[in-house]
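Worksheet for the structure shown next.
Hydrogens, waters and symmetry mates are skipped; everything else that's a heavy atom, side chains included, is used. These numbers were taken from a predicted model, which means no experiment stands behind them.
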Amino acid sequence: MTNDINYIYLEVSPNIDANLLKRILKKIFSDIKYEVEYQNKFISLALYGGKKSLVIFQTSLAALNEDLDINMKGLVVPFFNSRFAKYLNYVNKNEISYLFEISSDHKEIYTENIDLLDMVDDYTLRTLKAYIETGNSPSLAAYKLYVHRNTVTYRIDRFSQAFNVDLSQFPNCVFIYMLIKEKLAKMI
């Protein structure tokens, strides 16, 4: 499972080279595990340690921007998919935003990414929707759908593993939920 991993796309100002960024991240995350991958126009950062590590990063980024005039912005996404990186353009300078946050102002994000769910069957989509609506309760989702609790758990686990997404994190659930609603609306 992917618990406690934050997936972040970063965009840094041109005056920050890879070596400087490595030193900055090493200082910020002295005791937190992370993985960095440099792309053409952005950086992928897998940050372990759950919410605490993300808060540390957000606080450190604010201090860096203030003290060193370093321009950096980030987009926290439910899972890595390079198509999400373009939405960094919607994030304000020196901020870290969640994909679901910017999606509330840019509804086209759901339409543009609806095809991510093309390989997910209707039963799993409806199970995910019920699961999120019931506060991530397999028992209540099962009751709502008239299926066994194990069926709900199996479908949720299968989806989570296929997409490498942690549905215990609120921001991920919001984005997935809205994407499912968009998909189901198109199916009618």
Side-chain angles (χ1 to χ4, degrees), residues 1-11 34-48 50-51 54 74-91 96-188:
M1 188 64 153
T2 59
N3 289 341
D4 295 335
I5 303 174
N6 295 289
Y7 301 102
I8 307 167
Y9 286 116
L10 294 175
E11 185 179 284
Y34 65 93
E35 296 172 15
V36 179
E37 186 177 323
Y38 297 89
Q39 311 290 327
N40 287 336
K41 296 182 179 184
F42 59 90
I43 298 160
S44 302
L45 173 65
L47 183 58
Y48 298 81
K51 295 173 188 156
L54 186 59
L75 179 63
V76 182
V77 295
F79 52 89
F80 279 139
N81 188 314
S82 59
R83 67 169 63 183
F84 294 150
K86 69 181 179 184
Y87 303 126
L88 271 165
N89 294 329
Y90 297 139
V91 178
I96 296 177
S97 297
Y98 288 96
L99 185 57
F100 87 91
E101 286 179 298
I102 61 169
S103 297
S104 66
D105 292 330
H106 300 278
K107 303 285 188 211
E108 72 275 7
I109 292 174
Y110 295 116
T111 306
E112 292 171 0
N113 292 288
I114 199 169
D115 64 311
L116 290 171
L117 299 177
D118 283 351
M119 300 307 290
V120 180
D121 64 88
D122 185 52
Y123 294 114
T124 300
L125 289 176
R126 294 184 188 286
T127 302
L128 284 161
K129 186 175 181 289
Y131 176 74
I132 294 169
E133 287 172 344
T134 59
N136 293 12
S137 170
S139 298
L140 292 176
Y143 185 74
K144 186 174 184 176
L145 297 169
Y146 303 108
V147 297
H148 194 276
R149 182 189 187 285
N150 291 348
T151 302
V152 172
T153 303
Y154 171 76
R155 290 176 183 165
I156 297 303
D157 289 346
R158 191 178 61 190
F159 177 85
S160 295
Q161 290 172 359
F163 284 89
N164 203 26
V165 64
D166 180 3
L167 290 174
S168 70
Q169 293 186 19
F170 172 78
N172 296 349
C173 283
V174 173
F175 181 77
I176 297 297
Y177 181 79
M178 296 305 291
L179 195 60
I180 290 169
K181 281 186 65 166
E182 183 75 20
K183 176 75 173 179
L184 292 174
K186 298 276 189 224
M187 291 171 64
I188 294 176

Can you check whether [X] reaches [Y] side chain to side chain, under 4.5 Å on heavy atoms?
X    : Y    : value
V120 : K183 : no
N164 : Y7   : yes
V76  : P171 : no
V36  : L10  : no
F84  : N113 : yes
E11  : K41  : no
L54  : Q169 : no
I156 : L128 : yes

Distance, nearest 0.5 Å, that separates [atom1] of [X] from [atom2] of [Y]:
X    : Y    : atom1 : atom2 : answer
F170 : K51  : CZ    : NZ    : 10.0 Å
F80  : I5   : CZ    : CD1   : 9.0 Å
L179 : K129 : CG    : NZ    : 13.5 Å
T124 : R158 : OG1   : CZ    : 4.0 Å
I132 : S137 : CD1   : OG    : 13.0 Å
L145 : T127 : CG    : OG1   : 5.0 Å

| field | Step-by-step side chain to side chain contact (heavy atoms under 4.5 Å, CB included) determination, R83 to D115 | value | CA-CA 12 Å; R83 67 169 63 183; D115 64 311; 2.7 Å; yes

For [X], look at atom [atom1] and say whether over 12 heavy atoms of other residues, nucleotides or ligands are found less than 6.0 Å away.
X    : atom1 : answer
Y123 : OH    : no
M119 : CE    : no
Y154 : OH    : no

Search all heavy atoms of [X] against all heavy atoms of [Y] and return the closest pair with its distance.
X    : Y    : result
N6   : G50  : ND2-O, 2.8 Å
P138 : T153 : CB-OG1, 3.8 Å
T134 : A141 : OG1-N, 3.7 Å
G74  : V91  : O-CG1, 3.6 Å

| request: Could you verify whether a donor N or O on one side chain and an acceptor N or O on the other, from R149 and S139, lie under 3.5 Å apart? | output: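 Yes, a side-chain donor-acceptor pair sits under 3.5 Å.
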
| message | Against F79, only a single residue in F175, Y9, F163 fulfils ring-ring contact (aromatic ring centres under 6.0 Å, His included); can you say which? | response |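 For F79, the ring-ring contact (aromatic ring centres under 6.0 Å, His included) check succeeds only for F163.
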
| task | Apply the test side chain to side chain contact (heavy atoms under 4.5 Å, CB included) to residues L99 and N172: give CA-CA distance (whole Å), side-chain angles for both, the deciding distance (0.1 Å), then the verdict. | result | CA-CA 8 Å; L99 185 57; N172 296 349; over 6 Å; no

| message | Using side chain to side chain contact (heavy atoms under 4.5 Å, CB included), reason through E133 and Y177 one step at a time and then give a plain yes or no. | response | CA-CA 8 Å; E133 287 172 344; Y177 181 79; 2.7 Å; yes

| query | Using 30° and 60° as the class limits, which term best fits the ring planes of Y98 and F100: parallel, tilted or perpendicular? | reply |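 Tilted, since the angle between the ring planes falls between 30° and 60°.
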
| query | Does the ring centre of F159 sit less than 6.0 Å away from the ring centre of Y131? | reply |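 No, too far apart.
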
| Passes side chain to side chain contact (heavy atoms under 4.5 Å, CB included), Y90 versus I109? Steps please. | CA-CA 11 Å; Y90 297 139; I109 292 174; 4.1 Å; yes

